[in-house]
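Encoded as structure tokens, the structure appears first; notes follow it.
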Amino acid sequence: MPILHAMQETFGYVPQDAVPLIADAMNLSRAEVHGTFTFYHDFRHEPAGRHIVKVCVAEACQAAGARVTTDKIAKALDCAYGETRPDGQVTLEPIYCLGLCACGPSAMVNGRLVGLIDDEAIDEIAAEVRS
Ligand code: FES
């Protein structure tokens with residue numbers, strides 16, 4: 001885990017080619033390293049965009065309309081959900097509960113929590129990503 005964290009911190013993601021190298025260095029099987037790497041959603045397989053928008057898709061936010069909000073954000077950012085825009089400006093991805101359940105739909109924008117997302121908040125998120 002510390003090696004995976006260090007690689008992600010250094011490179012912004014963990015290259016797939018690093019898995020066998022880590023396994024050899026730690027005397028682990030490739031399957032063990034791969035299993036750890038893929039179990040935790042925060043380990044990236046590819047570089048992220050300059051801005052990272054994570055929209056909560058857990059139950060409370062879904063009940064508050066997260067599905068519609070996610071579609072609106074994807075359209076406002078011109079970025080497919082779960083993808084990084086081809087120009088590398090933004091990554092839009094799911095997250096599973098931010099602890100803001102009472103303020104859903106919720107998101108994390110560049111590490112900042114945003115709750116009660118409405119159309120105005122979506123416009124602000126889009127403006128931040130354009131900057
Ligand atoms: S369910 Fe979305 S913040 Fe908890």
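Read the numbers this way: they start at 1 and go in the same order the structure lists the ligands and their atoms.
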Taking the hydrophobic residues Ile, Leu, Val, Met, Phe, Trp and Tyr, and joining any pair whose side-chain heavy atoms are under 4.5 Å apart, which ones share a cluster with Ile22?
Met1, Ile3, Leu4, Met7, Phe11, Tyr13, Val14, Val19, Met26, Leu28, Val33, Phe37, Phe39, Tyr40, Phe43
Can you get from Tyr96 to Tyr81 by hopping between Ile, Leu, Val, Met, Phe, Trp and Tyr side chains that sit under 4.5 Å apart?
yes
Donor-acceptor pair, distance only, cut-off 3.5 Å: does the side chain of Thr91 make one with the backbone of Thr84?
no
Do the side chain of Gln89 and the main chain of His51 share a donor and acceptor less than 3.5 angstrom apart?
no
For the side-chain contact (heavy atoms from CB on, under 4.5 Å) test, which of Val55, Leu113, Val114 pairs with Met108?
Leu113
Side-chain H-bond candidate by donor/acceptor type, Arg67 with Gln62, under 3.5 Å:
yes
For atom 4 (Fe) of ligand 1, every protein N/O/S atom that sits closer than 2.8 Å, waters excluded
Cys97 SG, Cys101 SG
